[in-house]
Amino acid sequence: MQQIRISRPAELPSPDGRRFDCQWMEASQMNRWFLKARLAEALAAHGPDSHWIETRPLNRADVRLGA
C-alpha cells in the first residue's frame with residue numbers, strides 16, 4: 001500500500017491559500033483520480049513543473065487500529 005500527495009517547490013508563492021497542496025493520503029483509486037484532476041488544475045494555474053504527485057510506501061506501524 002502507498003500514500004500520495006501533491007507537492008510544490010517551497011519558493012512557489014501560494015496566493016490561493018495552498019489550494020493545490022495536500023497532506024499524505026491513502027493511494028486508493030478514488031484518491032488517485034482526485035489528485036490527478038487537482039494536479040491538472042494546479043499545472044494550468046501555475047505552469048508546467050510547478051506541482052507534482054509524490055508517493056511513498058505506507059508504513060503499517062503508522063496505522064492505528066481502533067479497539
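Computed from a predicted model, the values in this text were never measured in an experiment.
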Item to check | Pairwise distance CZ(F34) to OG(S28) - rounded to 0.5 angstrom | outcome: 11.0 Å
Checklist entry - Between the side chain of R32 and the main-chain N/O of A27, is any donor-acceptor distance below 3.5 Å? => result yes
Item to check | I4 CD1 to K36 NZ distance, which is reported to the nearest 0.5 Å | outcome: 9.0 Å
Item to check | Closest approach of E26 to N31 (non-hydrogen atoms, all atoms of both residues) | outcome: O-ND2, 2.7 Å
Checklist outcome for this item: Note: R5 and Q23 closest approach over all heavy atoms is CB-O, 3.7 Å
Next on the checklist: What's the separation between atom OG1 in T55 and atom CD in Q3, rounded to the nearest 0.5 Å?
Outcome noted: 10.0 Å
Next on the checklist: Within the 4.5 Å heavy-atom criterion, are P48 and L43 side-chain neighbours or not?
Outcome noted: no
Checklist entry - Is the charged tip of R8 near the ring of W52: under 6.0 Å from the six-membered ring centre and within 45° of its axis? => result no
Checklist entry - Going from CE on M30 to CE on M25, what distance comes out if it is rounded to the nearest 0.5 angstrom? => result 11.0 Å
Checklist entry - Could you give the distance from OG (S50) to CG (L39), rounded to the nearest 0.5 Å? => result 8.0 Å
